[in-house]
Amino acid sequence: MGRANSVAKGNLDLMVLGVLSDKPKYGYLIQQRLNQVTGGEISIAPGTLYPLLHRLESEKLVKARWDDSTGRRRKWYELTAKGQKRLDAQAMQWRQMAQWISELLGIANPSTG
Amino acid sequence: MSKEDFDRFLALLGGFLKLDKKQRLMISDELRDHLEMRVEALVGAGVDESNAQQQALEEFGDAAGVAARFAFLSQMRTRRRIMKIASISMLVAIPVVIATILFWPETRNRGLNLPVASAQDEDPVVKSENESSDAESADSQGSNILSGKNFRPTGVNQQLGVTTSNPEDLAAEAKLELPFSVDSGSIFQDVVENITQNVGLQVILDESAKDTITRDTEIEENFSLHEISLRSALDLLLKKYDCTFTIKDGMLVILSEDEAESEQIIRVYDVSDIVEHCGASGLTFHKMKAGDGDGRFGKQSTTTTSSTNDKVAMSAGGGGIGTPREFVPNKPETVQSLVLAVSEIVEPDSWEANGGSSRIVALGDRLVVSAPFGVNYKIKTFLQDLRANMQLK
């Protein structure tokens with residue numbers, strides 16, 4: 001991870017669920033998407049990402065399926081309804097928190113630009 | 001760095017995982033996909049393959065660290081499963097425990113204020129007093145006695161090492177209170193037939209009684225009884241022949257007094273009402289000081305006389321002959337003092353402490369007695385008198 005590690009550390013679940021919110025992805029794509037969105041500032045090591053994905057799977061926040069159609073065994077993850085609910089709830093909390101922090105720091109509300 | 005390095009890394013990781021083979025293979029496949037994708041991306045970015053593989057592995061971190069994260073996850077999953085099973089078990093166990101407590105014989109009987117017999121509910125043959133027959137209802141004094149063929153007060157029975165009584169005995173015993181007459185000049189066979197036909201009790205003449213009584217034995221000319229209880233009639237009649245009677249398997253057995261001593265019957269007397277009354281009213285039992293009457297209970301102002309003419313010393317608020325030793329009538333002490341009262345008052349010579357064979361112990365608010373039929377009867381009468389004195393039902 002990059003400089004934003006400390007902020008990201010407690011929010012990895014939220015970030016991974018967020019990455020999966022639009023469509024199913026496999027581990028490498030998830031990692032790349034996080035990299036891309038944060039401009040390389042936040043990067044989850046594979047050794048952290050995969051155990052996290054397995055945990056989200058055991059908590060039924062994501063579900064997985066194997067695909068052999070490309071000639072390579074690949075595990076795809078997608079958000080479950082429970083995962084979507086969790087994402088929505090955490091996203092709301094995050095926005096609220098961001099707003100409070102912005103106000104405390106005297107900066108513009110991020111949602112209003 | 002080559003594909004073999006990936007294999008070695010994944011094999012090493014698999015070794016650390018300590019998961020079943022299927023899980024290890026799935027994790028290995030998933031991570032291999034990632035490594036190969038990363039190598040392809042790096043090679044596509046201009047990194048030579050060897051360096052790309054090296055970099056891909058370095059980004060992954062050390063195999064032990066990755067394995068530890070997976071292992072932790074597996075442990076958490078197992079723990080969650082155990083917790084789930086434990087929760088389900090508790091949900092199942094709690095109603096079972098509650099049901100067991102509610103339906104445990106002692107609990108149920110206490111709730112209904114019935115006498116307690118630990119094995120009573122296990123055997124439908126054993127009847128409680130409330131279930132007694134019409135004949136039993138003749139026992140109008142309400143003796144709170146339990147007895148049963150299969151009544152096995154575990155521990156008590158083994159401890160006393162005597163036979164247990166038969167539930168049919170209750171019905172037979174109740175019939176002893178029915179009115180009975182003996183005509184002078186009749187023979188013993190007439191008495192037996194009278195008992196069988198008019199009272200409904202089968203009579204057995206034990207071998208031990210045959211030394212003094214036969215069916216042809218003539219009743220004395222001046223011996224005539226009219227409409228007294230069968231029990232009293234038998235007491236008066238059999239005493240003349242050094243005999244007595246007992247109830248066994250629902251039958252009236254006539255036997256010698258010596259033989260009767262060995263016919264021990266276990267009975268449990270519910271004295272909870274007496275104990276409760278003593279606690280509520282502050283009644284105390286007094287024991288005379290040594291030298292003030294053989295250490296037995298003394299006569300008090302509220303003495304109740306039983307049929308045995310023995311007297312129990314109880315009074316409200318103390319007092320009494322001599323210098324009484326008072327003790328707070330808490331439950332165990334009250335029961336213990338009842339044990340003492342019974343052994344001091346009812347057939348004192350029959351108790352083991354005095355060289356006899358009868359035994360009495362307190363079990364909670366019950367008296368457990370192993371004694372011949374006659375002694376048990378006197379205890380029953382004694383307790384009835386006590387209840388009458390206390391105005392208890």
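Chain naming here is simple, since letters A, B, ... match the order of the sequence lines and numbering starts at 1 in each.
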Using distance alone, with no hydrogens and no angle check, list the donor-acceptor pairs under 3.5 Å between chain A and chain B.
unit_1: A/Gln31; atom_1: OE1; unit_2: B/His34; atom_2: NE2; d: 3.4
unit_1: A/Gly47; atom_1: O; unit_2: B/Arg69; atom_2: NH1; d: 3.0
unit_1: A/Tyr50; atom_1: OH; unit_2: B/His34; atom_2: ND1; d: 2.6
unit_1: A/His54; atom_1: NE2; unit_2: B/Glu30; atom_2: OE1; d: 2.8
unit_1: A/Arg72; atom_1: NE; unit_2: B/Glu36; atom_2: OE1; d: 3.1
unit_1: A/Arg72; atom_1: NH2; unit_2: B/Glu40; atom_2: OE2; d: 2.5
unit_1: A/Arg73; atom_1: NE; unit_2: B/Asp29; atom_2: OD2; d: 2.6
unit_1: A/Arg74; atom_1: NE; unit_2: B/Asp33; atom_2: OD1; d: 3.2
unit_1: A/Arg74; atom_1: NE; unit_2: B/Asp33; atom_2: OD2; d: 3.0
unit_1: A/Arg74; atom_1: NH2; unit_2: B/Asp33; atom_2: OD1; d: 3.0
unit_1: A/Tyr77; atom_1: OH; unit_2: B/Glu30; atom_2: OE1; d: 3.4
unit_1: A/Tyr77; atom_1: OH; unit_2: B/Glu30; atom_2: OE2; d: 2.4

Revision key, fill the gap. Across all chains, not counting sequence neighbours, the side chain to side chain donor-acceptor pair (under 3.5 Å) partners of A/Gln93 are none
**Study point:** chain A contact via B/Leu31 - which portion, at a heavy-atom distance below 4.5 Å
**Key:** side chain
